Amino acid sequence: WAQMVAFAGTVELFQYVDDPKRAPGDFENAGFLGIPNGFVKAPAATKEKKLAAEIANGRLAMMAIIGMFFQNGLTGEAWGDWSLYTDSPLRALTPA
């Protein structure tokens, strides 16, 4: 455990130092996949594409959890059966 903590500490303190001139999380010494002092650098286009995909997935996850909150408010269960929700005004339009 001591070796892992020492390694993580040296990476945080000496290799991944925040630079105010760069974007947050954009470290000069980070190579591909975040390997410290890596020789292979990710192309800028790939980096932008992955960042856009990460933002889109985060937004999708936020909409999904809000949908679950809404369903829980209507039915009382986030994973509930919509057929048990009988208070819907749309049910008045369906024939009996």
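All values reported here derive from a predicted model rather than from experimental measurement.
Of the inter-residue distances, the one linking E12 atom CD with D18 atom CG reads 8.5 Å to the nearest 0.5 angstrom. Here Y16 contributes atom OH and T10 contributes atom OG1; the two are 11.0 Å apart, rounded to the nearest 0.5 Å.
In the hydrophobic clustering, where aliphatic and aromatic side chains (Ile, Leu, Val, Met, Phe, Trp, Tyr) are joined below 4.5 Å either directly or transitively, F14 groups with L13. The other members of the hydrophobic cluster of L51, by chain and number, are I55 (side-chain heavy atoms under 4.5 Å, ILVMFWY only). Here W1 sits in one hydrophobic cluster together with M4; the rule is ILVMFWY side chains under 4.5 Å apart, joined directly or through other members.
With sequence neighbours excluded, the residues forming a salt bridge (charged side-chain N to carboxylate O under 4.0 Å, His left out) with R22 are D26, listed by chain and number.
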